[in-house]
Amino acid sequence: MMTRSLVLALAATSLASLAPLTPALAAELKVGASNMPPYLDPGRDHSNVGSQFYYNSFDTLIEKDHSTAEAKFLPGLATQWNRIDDLTMEFKLRPGVVFHNGEPLTADDVVFSFNRMFQASFPPYAVRSKDRLNNFDVAEKVDDLTVRVRTKKPEPLWETLINMQQLMIVPEDYVKGLTGDPKVAENSDFEAFALAPVGSGPYRIAEFIPGERIVWQRHDAFWGDKAPFERVTVRSIPEMATRITALKNGEVDIITNLPPDQLATVEADPNLKTAGMVTPLFHVLIYNTLNEKMASPKLRQALNHAIDRQTLSEALWQGKAVVPASHTMEPFGALYMPELKTFEYDIEKAKELLAESGYKGEEIRIDTSATYYTNGLLAMQAVAEMWGAIGVKTRINVDDKWTGNDPTMNARNWSNPMYFPDPFGSFGVMWAPGGPSEGEGRFKTDADYAEKWDRFRFSTDVAARRQAYGELMERIKNDPPFLVLYQPYESWGMRKTVDWAPAPGHIPYVLDFRAGSIRVDG
C-alpha cells in the first residue's frame with residue numbers, strides 16, 4: 001500500500017478578493033509564464049495554456065460577472081438579448097465598438113464569427129463545433145446592430161454557451177483579407193489569423209512570438225473602461241526556479257504555475273506574495289479502453305480503487321486540492337452533485353477486482369509530460385507506486401507529445417477544464433458521444449449512453465438533468481474510461497505592490513488584466 005511518507009518523498013524530488021479599479025493608469029506589467037501557446041485564436045483553442053490569453057483581447061456578446069462562480073450574465077458586445085421562439089435568440093449589438101485594426105464591429109462580424117464555428121469547414125474549428133457547439137444551426141443578420149441565432153433543438157444553456165471563449169468576436173474583413181481571395185474565408189486565412197489575431201478587447205496584441213512572448217498594448221478605442229496598463233508583456237519561462245528568480249530580481253511582476261512546495265520560498269521574500277485558488281479544472285487519469293491491455297472494465301475499476309487520491313492531495317498539494325467523489329464541482333451550480341459515489345479508494349476491493357480481471361502481469365505504460373501539468377509527473381510516479389502495491393507492473397513514459405490518440409497508449413494524465421459552468425462544460429466536452437475521447441479512439445459509447453447523454457444535455461428540467469447525469473456517472477463507475485484525481489490548487493507569485501488574484505468566475509488560468517481586476521501600488 002502506498003504510504004503518505006513515500007508520496008512525500010516523491011514530492012521532495014521537485015524544487016524544494018478582486019481589486020478596485022486602478023486609480024492611475026500604469027506603464028507596464030511583466031509576467032513570467034510556465035508555458036506559451038503556439039497560436040492565438042479563441043475559436044480554435046481550448047488548451048489550458050492558450051486559455052490564459054484571450055480575455056484581455058477579445059469580447060463575447062454576453063459578458064459575465066467574474067467575481068463570483070455563480071452564472072451572473074451581463075451585457076457585453078450585446079446590450080440585450082431576447083428569445084424569439086424555442087429555437088431563436090435575438091441580440092442587439094452595442095454601437096460604436098471598434099476592433100483593434102480600426103474597423104467598426106457590426107452584425108456582419110458577429111455572423112461571420114459565429115458561423116465559422118457553427119458551420120465549420122476549417123478542421124480545428126470543426127472539432128470545437130462538434131464537441132460544444134453542435135446544437136447551433138446558424139447566425140443571421142437582421143440589421144447592422146441586430147443578429148439572430150438559431151439552434152436545432154431547444155437550448156437550455158443559451159447564455160452560458162454564448163459566453164464561451166470559442167464565440168468571441170473577430171473582424172470578418174480582416175480575417176478574409178489575410179490571404180487569397182479577400183471575399184472568401186479560406187483555411188489559410190484562419191491559419192494566418194492565429195499568428196496575427198485582432199479582437200475588440202481592452203488590449204490589442206502588439207506582438208506575438210509563438211511559444212515565446214505576447215505583448216499587449218492598450219486599445220484606446222475600447223468601448224468599456226480603459227485598460228490599466230499601457231503595455232503588458234508575458235514571456236515564457238519554463239523552469240520554475242528561473243521563474244522564481246526572475247520574480248525575486250524584479251524582472252517580472254507576476255509568475256504563473258507556482259507549486260505548493262514553493263509557496264514558502266516566495267513568501268519568505270518581504271517584497272513578494274502569492275495568490276491561489278482551487279482551480280475549476282480536474283486533473284484526471286485516462287485509460288485507452290480500446291487497447292487490448294486495458295479492455296477489461298474490472299482491471300480499470302481495480303486501478304481506480306487502488307489510488308489514494310487524498311494522500312496525493314496532502315503530499316503534492318499540502319491538502320489544498322479538492323478530491324471529489326464524482327466528476328462534479330461547485331461551479332456547476334444546480335448540477336453540483338457531491339452525493340454521487342463514482343470514485344472511491346478501496347485497496348482490498350482493488351485486489352479482488354484485479355484477481356477477477358484476467359490481468360497476467362502485463363506492463364502498463366503511463367504517459368506523462370515533464371512540465372505541462374503542475375505536479376503531473378510526481379502524481380504519475382505516485383500512481384505507479386500505488387498500482388505496484390496491488391501487483392500491477394508499470395512503466396512511466398515521459399514525453400511532451402500528446403498520446404491520447406495513440407492506439408498504443410495505456411494510461412496517461414490529462415485535464416478536464418471547466419470551459420463553462422455546467423457538467424456539459426467539463427465532463428460533456430470531453431466525454432460526450434462523438435466528443436474528443438471517442439473521436440481520438442480511446443473510448444466508445446453506445447445507444448444507452450447516448451440516450452442518457454441526450455436527456456442530460458437537452459432537458460430543460462433541472463431534476464431531469466440531474467437524474468440523467470447520475471446515470472452517466474454510474475456508467476463511468478462500472479466501465480471507467482478515467483479517474484478524477486483532484487481539483488488542483490494553483491498559485492501565482494507576485495510583487496507585493498501588485499493586487500491581483502485569479503477570479504472565481506473565469507475558466508481556468510485566465511490572466512485577467514482588465515480594469516477593475518488588478519491594481520499596482522507604486
*Val49 backbone acceptor or donor facing Gln52 side chain under 3.5 Å*: yes
_Less than 3.5 Å apart, any donor N or O on the side chain of Tyr419 or His46 sitting next to an acceptor on the other?_
yes
_Going by ring pair (Phe, Tyr, Trp, His ring centres under 6.0 Å), name the pairs with one or both residues in residues 373-400, residues two or more places apart or in two chains._
His283-Tyr373
*Min side-chain heavy-atom separation Thr289-Met294 under 4.5 Å*: no
*Does Thr256 use its side chain to pair, donor to acceptor, with the backbone of Ser34 at less than 3.5 Å?*
yes
_Looking at Arg457 and Glu155, is any side-chain nitrogen of the basic one under 4.0 Å from a carboxylate oxygen of the acidic one?_
yes
*Hey, is the main chain of Met117 close enough, under 3.5 Å, to the side chain of Ser129 for a donor-acceptor pair?*
yes
Return a table of donor-acceptor pairs under 3.5 angstrom between the side chains of residues 476-484 and protein atoms on other chains or two or more places apart.
unit_1: Lys477; atom_1: NZ; unit_2: Lys341; atom_2: O; d: 3.4
unit_1: Asn478; atom_1: ND2; unit_2: Glu474; atom_2: O; d: 3.2
unit_1: Asp479; atom_1: OD1; unit_2: Arg300; atom_2: NH1; d: 2.8
unit_1: Asp479; atom_1: OD1; unit_2: Arg300; atom_2: NH2; d: 3.1

*asked:* Main chain of Pro238, side chain of Arg243: is a donor-acceptor contact present, judged purely on distance under 3.5 Å?
replied: yes
What donor-acceptor contacts under 3.5 angstrom involve side-chain atoms of residues 389-397, with partners at least two apart or in another chain?
unit_1: Arg395; atom_1: NE; unit_2: Glu363; atom_2: OE1; d: 3.2
unit_1: Asn397; atom_1: ND2; unit_2: Asp367; atom_2: OD1; d: 3.1

*Could you go through the side-chain hydrogen bond (donor to acceptor under 3.5 Å, both in side chains) check for Asp461 and Ser459 one step at a time?*
CA-CA 5 Å; Asp461 179 70; Ser459 176; 5.1 Å; no
*side-chain hydrogen bond (donor to acceptor under 3.5 Å, both in side chains) with Asn410: which residues, sequence neighbours excluded?*
Asn291
_Contacts of type side-chain hydrogen bond (donor to acceptor under 3.5 Å, both in side chains), residue Asp181, not counting sequence neighbours_ = none
*Mind checking salt bridge (Lys or Arg N to Asp or Glu O under 4.0 Å) for Asp512 and listing every partner two or more places apart, or none if nothing turns up?*
none
*May I have the step-by-step check of side chain to side chain contact (heavy atoms under 4.5 Å, CB included) for Met430 and Ile286, ending in yes or no?*
CA-CA 11 Å; Met430 301 301 191; Ile286 62 174; over 6 Å; no
*Does a side-chain heavy-atom distance below 4.5 Å link Leu167 with Leu61?*
no
*Who are the salt bridge (Lys or Arg N to Asp or Glu O under 4.0 Å) partners of Lys64, not counting sequence neighbours?*
none
*Going by the side chain to side chain donor-acceptor pair (under 3.5 Å) test, name the single residue among Asn134, Asp137, Asp454 that passes it with Lys153.*
Asp454
*Provide the full list of side-chain hydrogen bond (donor to acceptor under 3.5 Å, both in side chains) pairs with a residue in residues 329-339, sequence neighbours left out, each pair given once.*
Glu339-Arg466
_Just so I know, are the side chains of Tyr345 and Gln310 near enough to count as touching, which here means a heavy-atom distance under 4.5 Å?_
no
*Side-chain contact test, heavy atoms from C-beta onward, threshold under 4.5 Å: evaluate it for Val110 versus Phe91 and give yes or no.*
no
_Check against ring-ring contact (aromatic ring centres under 6.0 Å, His included), Tyr449 and Phe443_ = CA-CA 12 Å; Tyr449 188 100; Phe443 171 64; 5.7 Å; yes
*Is there a side-chain contact between Glu438 and Lys444 (heavy atoms, below 4.5 Å)?*
yes
*Is the number of heavy atoms from other residues, nucleotides or ligands under 6.0 Å of Asp86 CG greater than 12?*
no
*Mark yes when over 12 heavy atoms from residues, nucleotides or ligands other than Lys130 sit less than 6.0 Å from its NZ; otherwise mark no.*
no
_Parallel, tilted or perpendicular: rings of Trp453 and Phe424 (30°, 60°)_ = perpendicular
*Can you name the side chain to side chain contact (heavy atoms under 4.5 Å, CB included) partners of Thr88, sequence neighbours left out?*
Ile84, Asp85, Arg148, Arg150
_Could you go through Val278 and Lys320, starting from their C-alpha distance and side-chain angles, then the distance that decides it, and tell me whether this counts as side chain to side chain contact (heavy atoms under 4.5 Å, CB included)?_
CA-CA 7 Å; Val278 175; Lys320 295 180 179 182; 5.8 Å; no
*Decide yes or no for Val170 and Phe193: does some side-chain heavy atom of the first lie under 4.5 Å from some side-chain heavy atom of the second?*
yes
*Decide yes or no for Met337 and Met473: does some side-chain heavy atom of the first lie under 4.5 Å from some side-chain heavy atom of the second?*
no
*Side chain of Asn115, backbone of Ala139: donor and acceptor closer than 3.5 Å?*
yes
*Asp131 side chain vs Gly435 backbone, donor-acceptor pair below 3.5 Å*: no
*Is it true that Arg475 and Glu471 make a salt bridge, defined as a side-chain N closer than 4.0 Å to a carboxylate O?*
no
*Can you tell which of Tyr372, Trp402, Phe282 makes a side chain to side chain contact (heavy atoms under 4.5 Å, CB included) with Trp414?*
Trp402
*Checking Asn304 side chain against Phe343 main chain: does a donor-acceptor pair fall under 3.5 Å?*
no
_Pro417 backbone acceptor or donor facing Ser426 side chain under 3.5 Å_ = yes
*Just jot down the salt bridge (Lys or Arg N to Asp or Glu O under 4.0 Å) partners of Arg44, sequence neighbours excluded, or say none.*
Glu191
*For Ala450, what residues pass the side chain to side chain contact (heavy atoms under 4.5 Å, CB included) criterion, not counting sequence neighbours?*
Pro433
_Side chain proximity check, His305 to Leu354, heavy atoms < 4.5 angstrom_ = no
_Using side chain to side chain contact (heavy atoms under 4.5 Å, CB included), reason through Glu490 and Thr374 one step at a time and then give a plain yes or no._
CA-CA 8 Å; Glu490 293 279 8; Thr374 306; 3.2 Å; yes
*Has the side chain of Thr403 got a donor or acceptor atom that lies under 3.5 Å from a matching backbone atom of Asp406?*
no
_Check ion pair Glu362-Lys293 (N to O, under 4.0 angstrom)_ = no
*Could you please spell out the steps behind the side chain to side chain contact (heavy atoms under 4.5 Å, CB included) verdict for Leu303 and Tyr287?*
CA-CA 10 Å; Leu303 297 177; Tyr287 304 117; 3.5 Å; yes
*Could you pull out the closest heavy-atom pair between Leu281 and Pro488, with the gap in Å?*
O-CD, 3.3 Å
*Mark yes or no for whether Ser357, through its side chain, and Tyr359, through its backbone, hold a donor-acceptor pair below 3.5 Å.*
yes
*Should Asp41 and Arg128 be marked as a salt bridge (Lys or Arg N to Asp or Glu O under 4.0 Å) after you check the CA-CA gap, both sets of side-chain angles, and the distance that decides it?*
CA-CA 12 Å; Asp41 180 344; Arg128 302 286 75 83; over 6 Å; no
*Residue pairs fulfilling ring pair (Phe, Tyr, Trp, His ring centres under 6.0 Å) with at least one residue in residues 115-137, sequence neighbours excluded*: Phe114-Phe118, Phe118-Phe136, Phe122-Tyr125, Phe122-Phe190, Tyr125-Phe190, Phe136-Trp158
*Which atom pair, heavy atoms only, marks the closest approach of Pro508 to Ser51?*
O-CB, 4.0 Å
